[in-house]
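Reviewing the structure listed below.
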There are 2 protein chains.
Amino acid sequence: MVKVKELYRNAQDYEGQSVRLSGWIRTSRVSKSFGFIELNDGGFFKNAQIVFDESLENFQEVAKYHIATAITVEGTVVYTPDAKQPFEIKASEILLEGASSSDFPLQKKRHTFEYLRTIAHLRPRGNTYSAVFRVRSLAAFAIHKFFQERGFVYVHTPIITGSDAEGAGEMFHVSTLDPKNPPLTEAGDVDYTEDFFGKMANLTVSGQLNAEAYAMAFKDVYTFGPTFRAENSNTARHAAEFWMIEPEIAFADLKDNMKLAEDMLKYVISYVMEEAPEEMAFFNQFVDKTLLERLNFIVNSEFKRVTYTEAVELLEKSGKKFEYPVKWGSDLQTEHERYLTEEIFKMPIFVTDYPKEIKAFYMRQNEDGKTVAAMDCLVPGVGEIIGGSQREERMDVLMDRIKELGLHEEDYWWYLELRKYGGTKHAGYGLGFERLIMYITGMTNIRDVIPFPRTTGNAEF
Amino acid sequence: MVKVKELYRNAQDYEGQSVRLSGWIRTSRVSKSFGFIELNDGGFFKNAQIVFDESLENFQEVAKYHIATAITVEGTVVYTPDAKQPFEIKASEILLEGASSSDFPLQKKRHTFEYLRTIAHLRPRGNTYSAVFRVRSLAAFAIHKFFQERGFVYVHTPIITGSDAEGAGEMFHVSTLDPKNPPLTEAGDVDYTEDFFGKMANLTVSGQLNAEAYAMAFKDVYTFGPTFRAENSNTARHAAEFWMIEPEIAFADLKDNMKLAEDMLKYVISYVMEEAPEEMAFFNQFVDKTLLERLNFIVNSEFKRVTYTEAVELLEKSGKKFEYPVKWGSDLQTEHERYLTEEIFKMPIFVTDYPKEIKAFYMRQNEDGKTVAAMDCLVPGVGEIIGGSQREERMDVLMDRIKELGLHEEDYWWYLELRKYGGTKHAGYGLGFERLIMYITGMTNIRDVIPFPRTTGNAEF
């Protein structure tokens with residue numbers, strides 16, 4: 001069995017050779033005595049052109065095969081260096097592997113992304129989604145490769161969490177209690193001691209706190225797993241279930257953290273451009289004409305660093321009218337972020353040292369008493385793609401902050417113990433994997449980069 | 001900053017050189033005028049021996065550092081080819097990075113695994129768990145590497161599922177409804193149209209059905225993600241949350257499936273033995289003295305194939321008294337599986353073609369009308385480690401089976417459509433990742449190979 005990718009890459013070597021390949025019919029044109037099939041074997045973005053004629057025993061049947069029919073072809077490779085495709089295959093035999101029906105929905109005509117979402121089980125058979133999901137796979141591997149080559153330990157942090165201490169957003173409850181008649185305590189509350197885990201459980205919003213524990217053992221670790229937000233935000237950038245990468249590095253500060261994030265982004269983008277040139281050319285042609293230029297620019301730029309305070313000054317001085325006014329102390333909105341990275345710097349930037357009031361309790365307080373050692377990475381075309389910080393390793397400062405915010409100290413007993421036993425300086429960040437895929441492919445709706453997306457009101461397939 | 005692993009691998013090159021390294025104190029022995037620190041830098045299983053004496057400005061303080069203290073050492077490498085460790089470091093400076101307390105629980109004395117589970121945030125700092133979780137990380141990467149090198153597409157199948165059609169076990173409910181006062185329909189049932197997804201949702205027990213959809217687009221795909229079982233089975237081999245690998249291959253039958261499984265197991269085991277020789281030697285010495293012998297044997301054996309019917313005959317003929325009697329038509333118990341692989345074959349085996357009554361609806365029916373094209377991979381010391389099958393690609397046969405079993409056809413509309421549109425023969429299997437890690441490390445409790453395990457009554461950390 002030969003692979004179409006192999007034939008594309010080394011067509012000349014196969015000239016005149018007899019080969020066998022299997023795949024699905026993408027298109028078929030048949031005249032009275034001969035026909036052409038565009039065959040996709042699943043392993044490569046492009047199709048192999050199959051030529052067949054009446055010498056085929058089953059010519060009449062093959063002529064009637066519908067789009068999406070699975071076949072196996074035996075034939076001879078004809079090297080065609082001047083044609084659009086570097087080869088075609090003259091079929092000597094075509095075997096039916098799995099019939100298709102005339103109502104296969106992905107016919108030649110273009111469909112809207114909205115419609116295609118309703119056939120999520122079939123959409124990867126078309127060009128756009130075939131490209132998106134191969135890129136997604138390659139990018140996932142590139143992330144593992146990047147961290148493993150640097151000696152990071154991959155940690156599977158828990159998906160079900162018995163704490164709501166992560167503080168990153170609304171959570172989904174996980175339960176095996178009878179939802180209609182849950183057991184109640186004497187006080188009339190749901191009695192979670194009767195539940196599967198003996199307590200209330202939720203789906204994780206972040207593996208960071210757990211990853212920190214492992215960074216104190218392995219120095220450099222990362223997570224890569226699903227995370228969840230039960231937020232009713234029906235936007236193009238939010239999903240209820242998405243994958244996140246969270247590295248955590250010990251004996252490291254905010255600068256090391258930014259360096260790691262920058263290296264990682266460049267590595268993953270380069271890897272995908274190298275391994276999926278056909279897919280990337282497709283996106284550049286049909287989805288976003290500036291895509292390759294933008295990605296090449298990122299790979300070859302040194303990301304700029306700017307403090308939040310400087311960023312606010314730059315935005316104020318810009319004279320630009322924003323929907324949300326800029327003011328020291330307020331969080332940056334997407335419009336501000338994009339203006340900074342697209343108009344002012346015209347390149348990826350890290351904004352650092354945000355006011356502590358708008359950031360999480362675990363971020364390390366700076367000497368000024370007002371800001372924390374946080375960093376967000378903003379990129380042209382998207383805005384924020386990474387958020388991270390140096391973590392507060394000083395037990396007393398962390399404890400004060402937990403009390404100040406009215407959090408429950410007892411929920412953090414083990415997290416605090418990490419500071420008690422050799423808690424050295426450390427830092428980390430979170431990268432939303434789907435945001436990265438949107439950025440790399442130019443796709444603008446998160447529903448189009450997740451195989452079977454889960455969003456408000458939608459858990460089909 | 002030099003890495004301890006690098007010093008171990010190339011100690012001679014560093015002789016006399018001045019280096020700087022950071023890590024945590026594993027042990028410390030101090031006399032009046034000099035001391036030894038075993039320093040672990042997190043990146044390597046073994047420690048660097050740090051030698052220091054009164055020439056150190058802060059000798060008195062360093063002498064008092066507790067176990068787990070984080071320090072940075074500057075010093076000179078002394079090559080020691082005849083000693084237990086190939087080098088030691090004569091410290092010229094030791095900086096405190098993070099203090100530790102005298103009650104750090106991982107002192108020299110041995111602890112039970114049970115106790116260590118109660119300090120899951122600290123246990124990776126000891127030898128056993130440091131080895132387990134580095135091996136887990138390497139094995140995870142090896143799995144990705146294996147499939148990616150073969151052109152497989154990694155698919156993130158959904159974690160939250162709106163169907164209970166997977167049929168592999170008890171499920172956890174996922175909801176954002178008020179658990180105490182859920183909205184009710186007029187009939188008095190919970191009104192899931194009010195829930196986050198507009199319907200009842202659960203945590204997935206398998207990504208297989210979704211992966212099949214992608215195999216019909218990409219030919220060769222795999223999943224690697226968390227799966228869940230809400231089963232109240234408090235055993236050493238069951239967790240409520242665990243990771244699973246599920247490849248799915250098109251234009252492939254049961255033989256191709258077994259070949260893939262065998263190749264994968266050998267690849268992953270070889271990779272780990274090569275990349276973590278120190279950890280593997282540790283397991284062989286302290287956890288299971290036959291481990292390396294067993295793993296080497298597996299890597300170098302050709303797995304045997306035997307049908308279920310033959311296996312039952314062999315078991316019957318063996319004369320062995322089993323707790324559960326062997327009978328054609330009943331599922332094989334762990335005792336039967338282990339007897340087959342350990343006593344009869346003395347090597348890994350695939351048992352194929354099980355009675356259809358004891359296997360899932362989607363498995364391909366054999367011509368005999370009684371059995372299905374299923375395969376389980378059994379290995380000495382563990383029993384079943386992989387379960388798979390060729391899938392029923394024939395629409396009519398699949399539909400009959402769904403009806404026969406009283407399943408709801410409408411739950412499977414899209415799964416059935418995969419058969420309608422070019423549904424070619426295909427196959428796949430599931431590998432429980434934790435089972436594999438137990439097998440590779442010799443650890444016998446699943447709680448000891450998951451960073452923060454979730455089991456009945458336990459969702460701590």
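In the text below, chain A, chain B and the rest are named by the order of the sequence lines, each starting its count at 1.
Between Phe104(A) and Tyr421(B), the two ring planes are perpendicular [angle over 60°; tilted spans 30° to 60°]. Using bins of under 30°, 30° to 60° and over 60° for the plane-to-plane angle, the ring pair Phe196(A)/Phe172(B) lands in the perpendicular bin.
The candidate from Tyr222(B), Phe147(B), Phe452(B) with the greatest count of non-hydrogen atom pairs under 4.5 Å with chain A is Phe452(B). Most heavy-atom pairs under 4.5 Å with chain B, from the set Pro453(A), Gly151(A), Ala99(A), Ala215(A): that is Ala99(A). Annotation: maximal heavy-atom pairing with chain B below 4.5 Å, among Gly225(A), Ala140(A), Ser100(A), Gly423(A), occurs at Ser100(A). Your options are Gly198(B), Gly162(B), Ala213(B), Ala217(B), and the one with the most heavy-atom pairs under 4.5 Å with chain A is Ala217(B). Between chain B and the residues Thr157(A), Thr176(A), Ile119(A), Thr69(A), the largest count of heavy-atom pairs under 4.5 Å involves Thr176(A). Between chain A and the residues His121(B), Glu460(B), His66(B), His144(B), the most heavy-atom pairs under 4.5 angstrom are made by His121(B). Ranked by heavy-atom pairs under 4.5 Å with chain A, the list Met200(B), Lys199(B), Met216(B) is led by Met216(B). The greatest number of non-hydrogen atom pairs below 4.5 Å with chain A, out of Gly43(B), Pro105(B), Ala70(B), is found for Ala70(B). Taking chain A as the reference chain and counting heavy-atom pairs below 4.5 Å, the highest number among Met395(B), Glu417(B), Lys425(B), Glu275(B) is found for Glu417(B). Here Lys219(A) is the residue among Lys219(A), Lys3(A), Glu393(A) with the most heavy-atom pairs under 4.5 Å with chain B. In terms of heavy-atom pairs under 4.5 Å with chain B, the best-connected choice from Ala240(A), Ser175(A), Gly126(A) is Ser175(A). Considering only heavy-atom pairs separated by less than 4.5 Å from chain B, the leading option among Phe152(A), Tyr129(A), Phe224(A), Trp243(A) is Trp243(A).
No donor-acceptor pair closer than 3.5 Å links the side chain of Arg134(B) to the backbone N or O of Val153(A). Side chain of Trp24(A) to backbone of Gly422(B): a donor-acceptor contact under 3.5 angstrom is found.
Within the 4.5 angstrom heavy-atom criterion, no atom of Lys5(B) approaches chain A. Neither the backbone nor the side chain of Leu96(B) comes within contact range of chain A; no heavy atoms are under 4.5 Å apart. In this structure, chain A has no heavy atom under 4.5 Å from any part of Thr193(B). At a 4.5 Å heavy-atom cutoff, the contact between Ser101(A) and chain B is made by backbone and side-chain atoms alike. Interface remark: Pro182(A) contributes side-chain atoms only to the contact with chain B (heavy atom separation under 4.5 Å). In this structure, chain A has heavy atoms under 4.5 Å from both the backbone and the side chain of Ser22(B). At a 4.5 Å heavy-atom cutoff, the contact between Tyr192(B) and chain A is made by side-chain atoms alone. When heavy atoms are compared at a cutoff of 4.5 Å, Pro226(B) approaches chain A solely by way of its side chain, counted from C-beta outward. Heavy atoms closer than 4.5 Å to chain B are found in the side chain of Ala250(A), but not in its backbone. At a 4.5 Å heavy-atom cutoff, the contact between Arg150(A) and chain B is made by backbone atoms alone. For Trp414(B), the parts sitting under 4.5 Å from any heavy atom of chain A are the backbone and the side chain alike. Using a 4.5 Å cut-off between heavy atoms, Ala201(B) makes no contact with chain A at all. Only the side chain of Phe433(A) comes within less than 4.5 Å of a heavy atom of chain B; its backbone N, CA, C and O stay farther away. Only the side chain of Phe228(B) has a heavy atom closer than 4.5 Å to any heavy atom of chain A. Of the two parts of Tyr415(B), neither the backbone nor the side chain holds a non-hydrogen atom closer than 4.5 Å to a non-hydrogen atom of chain A. With a threshold of 4.5 angstrom between heavy atoms, Asn202(B) does not approach chain A through any atom at all. There is no contact between Met1(B) and chain A, counting heavy-atom distances below 4.5 Å. For Phe251(B), the part lying under 4.5 angstrom from a heavy atom of chain A is the side chain only. For chain A, the nearby part of Leu122(B) is the side chain; its heavy atoms alone come within less than 4.5 Å.
Looking at Lys180(A) and Asp189(B), a side-chain N of the basic residue comes within less than 4.0 Å of a carboxylate O on the acidic one, giving a salt bridge.
The minimum heavy-atom distance between Asp103(B) and Lys420(A), with the atom names listed, is OD2-NZ, 3.0 Å. The minimum heavy-atom distance linking Phe197(B) with Asn458(A) is given by the pair CD2-O, 3.5 Å. Nearest heavy atom pair, residue Arg125(B) against residue Leu418(A), reads NH2-CD2, 3.9 Å. Across all their heavy atoms, Tyr214(B) and Ala120(A) have their closest contact at CE1-O, 4.2 Å. Here the closest non-hydrogen pair linking Ile159(B) and Glu241(A) is N-OE2, 2.7 Å. A pairwise comparison of heavy atoms in Leu138(A) and Gln148(B) identifies CD2-OE1, 4.0 Å as the closest pair.
Scored by the side-chain hydrogen bond (donor to acceptor under 3.5 Å, both in side chains) test, His156(B) finds Arg136(A), Tyr154(B) as partners (sequence neighbours excluded).
Remark: aromatic rings of Phe141(A) and Phe141(B) are close, center separation under 6.0 Å. Two rings, from Phe133(B) and Phe218(A), have their centers 6.0 Å or more apart.
The shortest side-chain heavy-atom distance between Thr424(B) and Ile71(A) does not fall under the 4.5 Å cut-off.
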